Amino acid sequence: MIQGLISRLSYLTLSLLCVFCLFVSPVYAASPYITSIADFYSYYGDDFSQSQKDIISSLFTKFQPYLTAGTEANKLLIADGYLPVSRQFRNLGALWCKTSVFVHEPAATINPSCVFTDSTGRVVNVVWLQDQYNSTELANLLKNGNLNADNYTEYKNKSLLSQPNILADFEDKGSVWHYHDNLVIKNLGLLNPEEVNLKQALFNDNWVKDLQEGLSDEKSVLANYEKSAYTSNYPPFNQVNSEGVYMSQMWIGLGNSQGLMEKMHPEVSLEAINIIETFERKN
């Protein structure tokens with residue numbers, strides 16, 4: 001009987017401790033949206049070099065209108081010639097890019113060509129994209145009409161470009177370039193992120209097949225490959241077939257507890273699909 005009483009008291013003690021833990025456990029505030037350079041330094045602190053501060057100042061000069069637009073940022077992005085090039089992805093958001101990024105415009109430190117918006121429509125970061133391959137030889141293969149999976153593989157092996165160095169000033173802040181290769185992006189002309197069909201990491205033969213099918217389809221206008229993609233019409237194309245791009249980003253519109261230059265954000269678009277679902281190759 002005494003042993004049973006002790007057991008019940010022990011259970012009661014543990015229960016009370018668990019309830020107590022619920023009340024005393026720390027509650028972490030959600031990451032704040034950033035709409036000004038003052039907000040930026042309030043969240044990330046002032047431990048930046050002068051060259052870093054100069055770049056950050058230039059970024060806010062360019063992107064603050066999108067940050068202050070709040071949930072209406074999509075309208076402003078479209079008005080300024082951005083295209084949605086992905087749906088919402090978990091821990092990332094939806095990617096919007098200037099059309100010029102798809103016609104081999106070089107990346108520039110103070111002129112990122114893309115942004116991510118979260119599920120509320122707010123701009124949360126800026127993104128740099130740069131071609132991963134020198135596409136001159138690919139253009140020749142297409143012009144000669146003899147592109148196939150084998151010579152495409154050979155082309156990629158000898159045409160790989162070095163990673164950009166335009167963010168060298170931010171190496172101490174975790175600046176890291178990663179890449180996305182063999183991309184096919186369709187339905188760009190609908191201007192709706194959730195209508196965009198993005199596939200990536202395709203096997204070489206499937207990427208070549210998709211490119212050839214797109215070029216023969218009268219309804220498809222492919223960036224880089226068809227003259228109408230260079231016109232001033234908006235949107236100037238409805239499909240992108242890219243051999244690969246380098247990518248880096250900076251979370252200037254939403255504080256990121258993981259770091260300013262991290263690839264992912266633990267609180268963004270948590271109901272969206274995982275980007276890995278767009279990969280054909282999983283390794």
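Remember, it's a predicted structure, so these values are computed and weren't measured experimentally.
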message = Please check: side-chain N/O of Ser36 versus main-chain N/O of Asp39, any donor-acceptor pairing under 3.5 Å?
response = yes
request  = Report yes or no: do Ile276 and Leu92 belong to one cluster of Ile/Leu/Val/Met/Phe/Trp/Tyr joined by side chain heavy-atom distances under 4.5 Å?
outcome  = yes
task = Would you sort out whether Ser31 and Glu267 count as a side-chain contact (heavy atoms from CB on, under 4.5 Å), showing the intermediate values?
result = CA-CA 8 Å; Ser31 297; Glu267 299 172 37; 2.9 Å; yes
query = Would you say Asn144's side chain and Asn140's backbone share a donor-acceptor pair under 3.5 angstrom?
reply = yes
key: Check: Trp128 side chain, Gln249 main-chain N or O, donor-acceptor pair, under 3.5 Å   = no
query = Looking at Cys114 and Tyr82, what are the two nearest heavy atoms and their distance?
reply = CA-CE2, 4.4 Å
task = Compare every heavy atom of Phe116 with every heavy atom of Val127, then report the nearest pair and how far apart it is.
result = CG2-CD1, 3.6 Å
Listing, residues 196-204 side-chain donor-acceptor contacts under 3.5 Å, not counting sequence neighbours, or none:
unit_1 : atom_1 : unit_2 : atom_2 : d
Lys199 : NZ     : Asp210 : OD2    : 3.2
Gln200 : OE1    : His180 : ND1    : 2.7
Gln200 : NE2    : Thr278 : OG1    : 2.9
Asn204 : OD1    : Asn182 : ND2    : 2.8
Asn204 : ND2    : Thr153 : OG1    : 2.8

CD1-CD distance between Ile34 and Gln64, expressed to the nearest 0.5 angstrom = 11.5 Å
message = Are Phe48 and Asp54 packed together at the side-chain level, in the sense that at least one heavy-atom pair is separated by less than 4.5 angstrom?
response = no
task = Write out all pairs satisfying salt bridge (charged side-chain N to carboxylate O under 4.0 Å, His left out) with one or both partners inside residues 142-160, taking only residues at least two apart or from two chains.
result = Lys156-Asp181
ask   = Got Asn238 and Ser220 here, is their nearest side-chain heavy-atom distance under 4.5 Å?
value = yes
key: Within-4.5 Å side-chain heavy-atom neighbours: Asp46 and Lys53   = yes
query = Hey, what do you get for CG (Leu77) to CH2 (Trp96), rounding to the nearest 0.5 Å?
reply = 6.0 Å
query = Roughly how far, to the nearest 0.5 Å, is CE of Met250 from OG of Ser175?
reply = 7.5 Å
inquiry  = Please check: side-chain N/O of Asn148 versus main-chain N/O of Asn151, any donor-acceptor pairing under 3.5 Å?
reply    = yes
request  = Mark yes or no for whether Tyr41, through its side chain, and Asp47, through its backbone, hold a donor-acceptor pair below 3.5 Å.
outcome  = no
query = Nearest heavy-atom pair of Leu183 and Trp207: which atoms, and what distance?
reply = O-NE1, 3.1 Å
request  = Give the ring-plane orientation class for Tyr155 versus Tyr133, where under 30° counts as parallel, over 60° as perpendicular and anything between as tilted.
outcome  = tilted
query = Under a 4.5 Å side-chain heavy-atom rule over Ile, Leu, Val, Met, Phe, Trp and Tyr, are Leu190 and Ile78 clustered together?
reply = no
ask   = Is it the case that more than 12 heavy atoms not belonging to Ile110 sit under 6.0 Å from its CD1 atom?
value = no
inquiry  = Pairing donors with acceptors under 3.5 angstrom, does anything connect the side chains of Asn187 and Gln239?
reply    = no
Evaluation steps, salt bridge (Lys or Arg N to Asp or Glu O under 4.0 Å), between Asp80 and Lys98 = CA-CA 8 Å; Asp80 288 347; Lys98 281 278 194 181; 5.9 Å; no
Contact summary for Leu83 and Thr99, nearest pair of heavy atoms = CD1-CG2, 3.6 Å
remark   = Residues pairing under ring-ring contact (aromatic ring centres under 6.0 Å, His included) where one sits in residues 247-273, two or more places apart or in two chains, turn out to be Trp251-His265
ask   = Do the side chains of Glu243 and Gln132 get nearer than 4.5 Å, heavy atoms only?
value = no
note = Distance col, row Asn74:CG vs Leu191:CG, nearest 0.5 angstrom, shows 10.5 Å
request  = Kindly give the heavy-atom pair with the smallest separation between Thr68 and Pro65, and that separation in Å.
outcome  = OG1-O, 3.2 Å
remark   = Residue set satisfying salt bridge (charged side-chain N to carboxylate O under 4.0 Å, His left out) with Arg87, at least two apart, ordered chain then number -> Glu194
query = Taking everything shown except Asn146 itself, do over 12 heavy atoms lie less than 6.0 Å from its CG?
reply = yes
request  = Show your working on side chain to side chain donor-acceptor pair (under 3.5 Å) between Asp172 and Gln52 and close with a plain yes or no.
outcome  = CA-CA 10 Å; Asp172 66 323; Gln52 290 172 337; 2.7 Å; yes
key: Hydrophobic cluster membership, Val85 vs Ile275, 4.5 Å side-chain cutoff   = yes
Please tabulate, for the side chains in residues 253-264, all donor-acceptor contacts under 3.5 angstrom to protein atoms that are two or more places apart in sequence or on a different chain.
unit_1 : atom_1 : unit_2 : atom_2 : d
Asn256 : OD1    : Gln258 : N      : 2.9
Asn256 : ND2    : Met264 : O      : 2.9

request  = Please lay out, stage by stage, how Asn91 and Val268 fare under the test side-chain contact (heavy atoms from CB on, under 4.5 Å).
outcome  = CA-CA 5 Å; Asn91 304 128; Val268 168; 5.5 Å; no
ask   = Would you say Pro164 and Trp177 make side-chain contact, with heavy atoms under 4.5 Å?
value = yes
message = When you compare the side chain of Phe63 with that of Val123, does any pair of heavy atoms fall below 4.5 Å?
response = no
query = Are Leu270 and Leu95 connected, step by step, through hydrophobic side chains (Ile, Leu, Val, Met, Phe, Trp, Tyr) whose heavy atoms are closer than 4.5 Å?
reply = no
request  = List the steps, then state whether side-chain contact (heavy atoms from CB on, under 4.5 Å) holds for Leu147 with Leu138.
outcome  = CA-CA 8 Å; Leu147 177 65; Leu138 180 61; 3.8 Å; yes
remark   = Rounded to the nearest 0.5 Å, the OG atom of Ser57 sits from the CD1 atom of Ile37 at a distance of 4.5 Å
ask   = Are Leu167 and Tyr179 joined in one hydrophobic group, where the rule is that I, L, V, M, F, W and Y side chains link up if heavy atoms are under 4.5 Å apart?
value = yes
task = Measure the shortest side-chain to side-chain distance between Leu211 and Leu142 over non-hydrogen atoms and say whether it is less than 4.5 angstrom.
result = yes
From Lys75 atom NZ to Tyr66 atom OH, the distance as rounded to the nearest 0.5 Å = 15.5 Å
message = With a 4.5 Å cut-off on side-chain heavy atoms, are Phe170 and Ile56 touching?
response = yes
inquiry  = Is a donor from one side chain sitting under 3.5 angstrom from an acceptor on the other, for Ser119 and Gln88?
reply    = no
message = For Tyr43 together with Tyr33, are the ring centres under 6.0 Å from each other?
response = no
note = Residue pairs passing the salt bridge (charged side-chain N to carboxylate O under 4.0 Å, His left out) test with at least one member in residues 244-255, sequence neighbours excluded, are none
task = Mind listing the closest non-hydrogen atom pair of Ser113 and Leu129 along with its distance?
result = OG-N, 4.0 Å
message = What verdict does the side-chain contact (heavy atoms from CB on, under 4.5 Å) test give for Val245 and Ser242, after you've listed the backbone C-alpha separation in whole Å, the side-chain angles of each residue and the deciding distance to 0.1 Å?
response = CA-CA 7 Å; Val245 293; Ser242 171; 3.7 Å; yes
